[in-house]
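Nothing here was measured: the structure is a model prediction, and the numbers come from that model. Each chain gets a letter, A, B and so on, in the order the sequences are listed, and its residues count up from 1.
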There are 2 protein chains.
Amino acid sequence: APVTGELRCQCLQTASERLGPRRLAHVELIAEGPHCPVPEVIATLKDGRKLCLNPAAPWVQLIINKILRGPATL
Amino acid sequence: APVTGELRCQCLQTASERLGPRRLAHVELIAEGPHCPVPEVIATLKDGRKLCLNPAAPWVQLIINKILRGPATL
């Protein structure tokens with residue numbers, strides 16, 4: 001089922017170690033809403049693993065902004 | 001098929017109008033890679049529509065950061 005159709009929070013815990021932006025293939029941001037009171041960030045690594053990240057962590061905000069700015073800044 | 005399995009860029013064009021963060025349910029960030037030379041941002045609105053956003057646009061970076069910070073800042 002698509003994540004947007006789920007009726008509860010997706011992340012039970014978030015990654016404790018920092019990841020470099022080069023390891024991430026794909027990041028989903030899910031806004032808070034009736035299904036979950038907090039925003040959630042689900043990262044897919046280049047090796048296919050999925051991890052929840054803490055949206056409030058400064059390093060998470062930093063790598064998301066690096067992905068947005070593209071390869072020149074990685 | 002999952003977006004991460006696609007072998008080409010997903011976005012042919014990006015939205016020309018600005019969206020408020022309250023309209024977004026879900027945002028996918030896809031890092032650049034062998035499938036596509038630029039990062040891509042695919043937003044899903046609360047009404048279910050999907051739109052590509054320009055990752056280099058300051059307003060796009062702003063709403064992504066607002067989603068990360070949660071409801072207190074919307």
Distance check, rounded to the nearest 0.5 Å: A/Glu40 atom CD versus B/Ile67 atom CD1? 12.5 Å

Quick one: CZ on A/Arg69 to CD on B/Glu32, what's the gap to the nearest 0.5 Å? 12.5 Å

Please round to the nearest 0.5 Å and tell me the distance separating atom CD1 of A/Ile64 and atom CD of B/Gln61. 12.0 Å

Say whether B/Leu45 and B/Trp59 are linked into one hydrophobic cluster, either directly or through other cluster members, by side-chain heavy-atom distances under 4.5 angstrom. yes

Here the pair of heavy atoms bringing A/Leu68 nearest to B/Pro39 is O-CG, 3.6 Å

Please determine which of A/Val41, A/Val27, A/Asn65, A/Ile63 meets the side-chain contact (heavy atoms from CB on, under 4.5 Å) test together with B/Leu29. A/Val27

